[in-house]
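What follows is a single structure, written as structure tokens, with notes after it.
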Amino acid sequence: MINQMIESILQPIFSEAMLNAGYADYIHLLHFEKPKISSHGDCATTIALSLTKSAKKPPRAIAEEIIQQLQFDTVLIASVEIAGPGFINIRFGELFYTKLLESIALAGESYGKSSVGNGKKVNVEYVSANPTGELHLGHGRNACIGDVIANLYHWSGYDVTREYYFNNAGNQMTLLGLSVHARYCQIFDTTYPFPENGYKGEYISDIAQQLSEAHGNSLVEPTDSHIAVCKYAAEKWCTDSIQKTMATLNIAHDVYFNEQTLYEDGSIDKTIQDLREKQLVYEKEGALWIALSKIQEKLTDRVIVKSTGEPTYRLPDIAYHRNKFERGYDTIVDVFGVDHIATVPDIIAATKALGYDDEKIHVLLYQFVTLMENGEQVKMSKRSGKSYTLNELLNDVGGDVVRFFFIMRSINTHLEFDLALAKEQSEKNPVLYVQYAHARICRIMETAKEREIPLTNNNNYSLLEKDEEKNLIKTLARFEEHIQRALASHEPYIITEYLRELASDFHAFYHHCPVLRTEGELRDVRIALCKFSQSALRNGLHILGVSAPNSM
RNA sequence: GCGCCCGUAGCUCAGUCGGAUAGAGCAACAGCCUUCUAAGCUGUGGGCCAGUGGUUCGAAUCCACUCGGGCGUACCA
């Protein structure tokens, strides 16, 4: 909102001045930014600083020349000053604020929504855990990042598919079945051996216990069919657990894509065949290799079909991405943990070699979550079994806190999860600060309704002249800009930071500017400002998947 | 060894396409409830931006090297 205003108001005025001052060739360098320190102004440009080299003049002199040519209406732009080494600081006039508020009013309850995506198809793949255990905290970060990214696309007018890729076949599942069977047998014979590298989590024993209750000791013979029963029970248990956790987080995928489909519909074979035609595969030591070094020098060749005849994970991954392309997505987003970093360039190179536009793929690699408890790092590993699960976390601190916490940081920094803090001081969590601002507004709106104060669209916005009001308006006007920035950089934390700032500006306004304790036009226009803030807070929280309570 | 990410206040983190006095939250300290919710507001203290050198009017930001932490470097996913 504010950007459009700056573009449509400031840009022409300054371009004109630059033209008249003899800097016509450099108009494309002109841009405006928000000064770090608010007392410097509402808006600033560094154009004079960036012209020093080409103009061979001191920056302040250039700024002077440009300012002398400026022609503007003081209702729109209150002041323009040179500061520091040559910054040009601009202060908005009352009409500028009025125009901002009018456009926010026009957007109404859907403030923040845009159609920049123009209905383009986007596929966001996230979570994608195989049913071999419960979701842990790493999956939690994945789930929350992915869901917010999908929401950001949705709010920007894209047609979004939320997808979950999983595999319930293969080595890991076999091992899962064997692990359950071993625990089952140990119920009857404590000396029964447990498979090396087997899944050691407590849930394995729970599943085994359930099996013993249903089947007695009839499954102790380690036959294929008995192990299959164990495997099936384990898969069912894990799938249910994952679904339950996702439901608690309020995440619903549109598509569950099973890796098996790629084998069944011939995609795997076709991928090998097509790579072969392009002479990108060769046999060596009984295995089938993909010649990645031929596609890109930096890459090293990898095995895609083992000498045992089984494919490695790379092959279905390539076929899967191909499948997404074939489904016609304009943008493909994958949310992976950093441990996948080695495979990403391989898959991108392979899909490119197969003739797809690799620019459409965006792989979001998030850094690991480290869980801290009493100042010590708790190691999380599914197979060792010592893990604090996402479900336990949800029970302990609730969905809103979990969602906010997992996206509070840039995806490429480690997320330190202080369990003690999350459990004991969840009231101090920033999510409550933001929610509280929303709840406060709701109370004002309710009271206004009870007192039968009519909401008008004809507000005299020029009455909003206190600093707290102006700050709130400026922050409010940057909502859309932050959504776009979060989307373009695929960084959900930008929204959490923005909402904190917005809530902070609202709390300050609330404290310094009485709303219902004022009379007449000023009261009405402040109610309007509350309403706009309510929409932005509610919509922002909605994008984060966090609830916006009416009272707290 | 090589590749990627990170190192900023006591703690957790922003800022990294070079720009003004390096910011926020938490923690600490001092104030503010006869008022639309004090889950709030206002103020104070706190920094050799890991280190060294370079590039220039100007570097937390760019380049080189060094030191610390994480991840990867599979015929595991």
Side-chain angles (χ1 to χ4, degrees), chain A residues 33 35-37 39-41 44 46 48-50 52-53 58-59 83-87 89 128-130 132 167 170-172 175 197 259 284-289 298 300 302-314 316-317 336-345 365-368 370 372 375 405 408-418 421 425-437 439-448 450-451 468 491 493-494 496-497 500-501 503-504 506-518 523 526-527 530 551-552:
Chain A
E33 56 196 44
K36 283 179 192 162
I37 299 161
S39 62
H40 288 149
T46 55
L49 291 160
S50 34
T52 41
K53 268 192 192 133
F87 291 94
N89 292 336
S128 295
N130 287 339
T132 57
N167 185 12
N171 282 339
Q172 297 307 318
L175 189 59
N197 298 325
E259 186 181 328
K284 193 176 98 182
E285 296 158 5
L288 191 69
W289 296 64
K298 277 189 190 166
T300 44
R302 304 285 180 187
V303 170
I304 52 171
V305 181
K306 300 184 221 172
S307 52
T308 58
E310 288 170 286
T312 66
Y313 61 91
R314 263 173 246 260
D317 274 3
F336 295 152
V338 267
D339 52 333
H340 285 70
I341 194 160
T343 84
V344 172
L365 293 169
Y366 61 92
Q367 297 289 320
F368 282 170
T370 45
M372 304 296 285
F405 215 109
M408 235 167 32
R409 309 268 108 103
S410 162
I411 65 168
N412 55 24
T413 95
H414 289 232
L415 178 71
E416 187 162 310
F417 206 115
D418 188 331
L421 192 81
Q425 305 194 346
S426 64
E427 285 174 6
K428 297 274 180 194
N429 196 292
V431 66
L432 293 152
Y433 182 80
V434 177
Q435 288 177 318
Y436 187 50
R440 275 180 150 179
I441 299 173
C442 290
R443 172 57 65 86
I444 292 175
M445 302 310 280
E446 264 173 48
T447 311
E450 280 164 18
R451 297 187 193 168
E468 287 82 9
E491 283 285 14
Y493 86 89
I494 288 173
T496 66
E497 281 303 308
R500 273 158 87 145
E501 193 188 344
S504 167
F506 179 79
H507 285 308
F509 160 78
Y510 181 92
H511 195 263
H512 292 101
C513 308
V515 179
L516 298 176
R517 281 179 278 118
T518 315
R523 179 197 61 190
R526 281 183 176 164
I527 291 176
C530 286
S551 68
M552 288 172 73

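Each chain gets a letter, A, B and so on, in the order its sequence line appears, and its residues count up from 1. No hydrogens, no waters, no symmetry mates; every other heavy atom, side chains included, goes into these values.
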- Would a distance-only check, ignoring hydrogens and angles, find a side-chain to backbone donor-acceptor pair under 3.5 Å from A:Glu491 to A:Ile411? yes
- Task: Quick one: list whatever passes side-chain contact (heavy atoms from CB on, under 4.5 Å) with A:Thr300, sequence neighbours left out.
- Result: A:Arg302
- For RNA chain B, the dot-bracket notation using Watson-Crick and G-U wobble pairs below 3.5 Å, [ ] for pseudoknot-type crossings and | for other-strand pairs, is (((((((..((((.........)))).(((((.......))))).....(((((.......))))))))))))....
- Query: Using atom C1' of each nucleotide, how far apart are B:A27 and B:U35 to the nearest Å?
  - Reply: 31 Å
- Task: Using a 4.0 Å heavy-atom cut-off across all strands, classify A:Ala448 as base, sugar-phosphate, or nothing.
- Result: nothing
- Determine the Euclidean distance between corresponding C1' atoms of B:G15 and B:A9; express it in Å to zero decimal places. 14 Å
- In short, A:Arg314 meets A:Ala342 closest at the heavy-atom pair NH1-O, 4.0 Å
- Message: Is it the case that the side chain of A:Asn130 and the backbone of A:Thr132 share a donor-acceptor pair, with hydrogens and angles ignored and the cut-off at 3.5 Å?
- Response: no
- Whole-Å distance separating the CD atom of A:Glu491 from the C1' atom of B:U16: 13 Å
- Euclidean distance, atom CE of residue A:Met552 to atom P of B:A39 [Å, nearest integer]: 9 Å
- Could you check how far CG of A:Asn130 sits from C1' of B:C76, rounded to whole Å? 12 Å
- Item | Residue whose nearest RNA chain B nucleotide is more 5′ - A:Arg517 or A:Ile341 | A:Ile341
- Query: Relative to each other, are the rings of A:Phe506 and A:Tyr510 parallel, tilted or perpendicular (30° and 60° limits)?
  - Reply: tilted
- So, does A:Thr413 use its side chain to make a donor-acceptor pair with the main chain of A:Arg409 at under 3.5 Å? no
- Separation of B:A27 P from A:Asn429 CG (nearest whole Å): 12 Å
- Give, ordered by number, those residues of residues 509-516 of chain A having at least one heavy-atom distance below 4.0 Å to an atom of RNA chain B; if nothing qualifies, reply none. A:Tyr510, A:His511, A:His512, A:Cys513, A:Pro514, A:Val515, A:Leu516
- Could you give the distance from CD (A:Glu446) to CD1 (A:Ile441), rounded to the nearest 0.5 Å? 12.5 Å
- Distance in angstrom units between A:Leu365 CG and B:C4 C1', rounded: 9 Å
- Task: Quickly work out the A:Asn412 CG to B:C71 C1' distance and round it to whole Å.
- Result: 13 Å
- Message: Measuring to OP1 and OP2 of B:G25, would you say a side-chain N or O of A:Tyr493 lies under 4.0 angstrom away?
- Response: no
- Message: Students often get this wrong, so: under 4.0 angstrom with heavy atoms, is A:Glu285 touching a base, only sugar-phosphate, or nothing?
- Response: base
- Message: Measuring only the P atom in each nucleotide, how far is B:C76 from B:A60? A whole number of Å is fine.
- Response: 49 Å
- Note on the structure: From CZ of A:Phe405 across to C1' of B:G25 the rounded distance in Å is 11 Å
- Could you measure between the two P atoms, the one in B:G51 and the one in B:A59, and give it in whole Å? 15 Å
- Message: Using only atom types and a distance under 3.5 Å, with no angle test, would you say the side chain of A:Ser551 pairs donor to acceptor with the backbone of A:Ala439?
- Response: no
- Sticking with atom C1', work out how far B:U42 lies from B:G47, rounded to a whole angstrom. 24 Å
- Query: Taking the same atom, P, in B:A74 and in B:U12, what whole-Å distance lies between them?
  - Reply: 33 Å
- If we take the P atom in both B:C41 and B:G1, what is their distance in whole Å? 50 Å
- Item | A:Arg302 vs B:U73: side-chain N/O to OP1/OP2 distance below 4.0 Å | no
- What is the nucleic acid contact for A:Ala342, judged by heavy atoms within less than 4.0 Å: base, sugar-phosphate only, or nothing? sugar-phosphate
- Item | Residues which pass ring pair (Phe, Tyr, Trp, His ring centres under 6.0 Å) with A:Tyr493, listed by chain and number, not counting sequence neighbours | none
- State the NE2-OH distance between A:His340 and A:Tyr366, to the nearest 0.5 angstrom. 8.0 Å
- Query: For B:C63, does the glycosidic angle fall within 90° of 0 (syn) or outside that (anti)?
  - Reply: anti
Using the 3.5 Å cut-off, write out each protein N or O paired with an N or O of nucleotides 10-13 of chain B and the distance between them.
unit_1: B:U12; atom_1: O2'; unit_2: A:Arg409; atom_2: NH1; d: 2.5
unit_1: B:C13; atom_1: OP1; unit_2: A:His414; atom_2: O; d: 2.8
unit_1: B:C13; atom_1: OP1; unit_2: A:Glu416; atom_2: N; d: 3.3
unit_1: B:C13; atom_1: O2'; unit_2: A:Arg409; atom_2: NE; d: 3.2

- Note on the structure: Closest non-hydrogen atoms of A:Pro316 and A:Pro311, given as atom of the first, atom of the second and distance, are CD-CB, 4.3 Å
- Nearest-angstrom distance, P atom, B:G10 to B:G46: 11 Å
- Tell me: CZ of A:Arg443 to P of B:A39, nearest whole Å? 12 Å
- How about A:Val338 and A:Phe368: do any of their side-chain heavy atoms sit closer than 4.5 Å? yes
- Nearest 0.5 Å please: distance from the CD atom of A:Glu259 over to the CG atom of A:Asn167. 3.5 Å
- Item | Test item: A:Arg500 and A:Glu497 side chains (from C-beta on) under 4.5 Å apart, heavy atoms | yes
- Side chains of A:Glu310 and A:Asn171 in contact at under 4.5 Å (non-hydrogen atoms): yes
- Task: Sugar-phosphate means primed atoms, P, OP1 and OP2; the rest is base. With that split, encode nucleotides 17-22 of chain B 5' to 3' as B, S or - using protein heavy atoms under 4.0 Å.
- Result: --BB--
- Message: Check this one for me: any side-chain N or O of A:Tyr433 less than 4.0 Å away from OP1 or OP2 of B:C41?
- Response: yes
- Message: Does any part of the side chain of A:Met552, heavy atoms only, come nearer than 4.5 Å to the side chain of A:Arg440, both counted from C-beta?
- Response: no
- Message: With a cut-off of less than 4.0 Å, is there a side-chain N or O of A:Lys306 near OP1 or OP2 of B:C76?
- Response: yes
